[in-house]
Amino acid sequence: VYEDGGPVGSCQHCDMSVFSFHPVKPITTAEGGAVTTNDSELARRLQILRNHGIERDPARFVDQADDEAGPWQHQQQALGFNYRMTDIQAALGLAQLDKLDAMLARRRQIAAYYDARLGNLENIVLPQSELAARARSGLHLYLLHIDFAALGITRPEAMTQLRDRGIGTQVHYIPVHRQPFHRDRIAGTPGDFPVSEQYYRGALSIPFFPSMTDHEVEFTVAAIKDLVQ
Ligand SMILES: *Cc1c(COP(=O)(O)O)cnc(C)c1O
């Protein structure tokens with residue numbers, strides 16, 4: 001939800017919004033995503049690009065005198081792609097959409113619990129724990145920022161230690177400017193993005209999904225406490 005109240009995807013501040021429905025996201029269609037827009041011309045353009053650049057509406061055909069009118073007619077008007085979502089994926093997505101509010105409510109519960117239990121530990125900062133921000137967030141991930149240097153342990157060591165207790169962790173995300181594709185296109189020097197670098201050094205995402213049981217959440221808290229104490 002935006003600061004002024006409207007939902008993300010309403011496009012009140014943009015022309016288009018893009019959603020990913022990858023399995024790690026709040027709702028999934030196994031793969032794929034969606035674009036929302038209030039601009040009917042952009043919507044039409046997206047529909048055409050999704051389907052090999054093909055226009056099926058005769059009213060929008062480019063005039064070609066020798067074209068025989070008929071129900072099979074279509075025109076490739078652009079070089080598009082096959083970005084069609086299958087009906088099966090769409091059915092999954094609709095079922096997920098029905099559960100979105102309940103799943104988000106459970107994410108809020110877990111986030112509040114993590115905030116309360118992990119918020120006062122030394123060498124951990126919860127970068128997203130400001131209450132107003134939590135309330136507006138889709139709560140996709142739960143991030144810790146850990147001062148690994150102060151703990152005298154490396155991040156890979158910490159991840160292994162947690163892994164050995166059955167707890168999967170991940171790093172979200174490697175800053176874009178460190179990725180070779182982007183690095184080669186950014187006119188800059190190492191050290192130009194100190195805030196990203198500082199964030200990245202301590203970032204660790206811990207298990208966070210709506211079907212986690214209270215026991216699993218508490219088990220994770222205990223393991224994080226053992227790690228930092
Ligand atoms: C999910 C995600 C992506 C990838 O989404 P796609 O469905 O592969 O387009 C990229 N960046 C961020 C930050 C994400 O969270």
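Whatever order the structure lists ligands and atoms in, that order sets their numbers, starting from 1. What you see is a predicted model; the values in this text were computed from it and never measured.
Closer than 4.0 Å to atom 6 (P) of ligand 1 lies at least one heavy atom of the protein. The presence of a protein heavy atom under 4.0 Å from atom 11 (N) of ligand 1 is ruled out.
At the shortest separation from atom 8 (O) of ligand 1 among protein heavy atoms lies Ser20 OG, 4.7 Å.
Between the side chains of Glu157 and Thr160, not a single donor N or O lies within less than 3.5 Å of an accepting N or O. Side-chain polar atoms of Arg44 and Gln47 form no donor-acceptor pair below 3.5 angstrom. Remark: the Gln12 side chain and the Asp4 side chain contain an N/O donor-acceptor pair separated by less than 3.5 Å.
Across Arg183, Arg185, Glu197, a single residue satisfies side-chain hydrogen bond (donor to acceptor under 3.5 Å, both in side chains) together with His177, and that is Glu197.
Considering backbone and side-chain N/O of His22, none are found under 3.5 Å from N/O of ligand 1.
Stacking of Arg107 on the aromatic ring of Phe208 is recorded, both the 6.0 Å distance cut-off and the 45° axial limit being met.
Counting the atoms of ligand 1 from 1 in the order shown, those under 4.0 Å from a heavy atom of Lys25 are 1 (C), 2 (C), 3 (C), 14 (C), 15 (O).
Here His140 has side-chain heavy atoms under 4.0 Å from ligand 1, and that is the only part of it that gets that close. If you look at Phe21 next to ligand 1, there are no close heavy atoms at all, none under 4.0 Å.
Checked against the 6.0 Å centroid criterion, the rings of Tyr2 and His13 qualify as a close aromatic pair.
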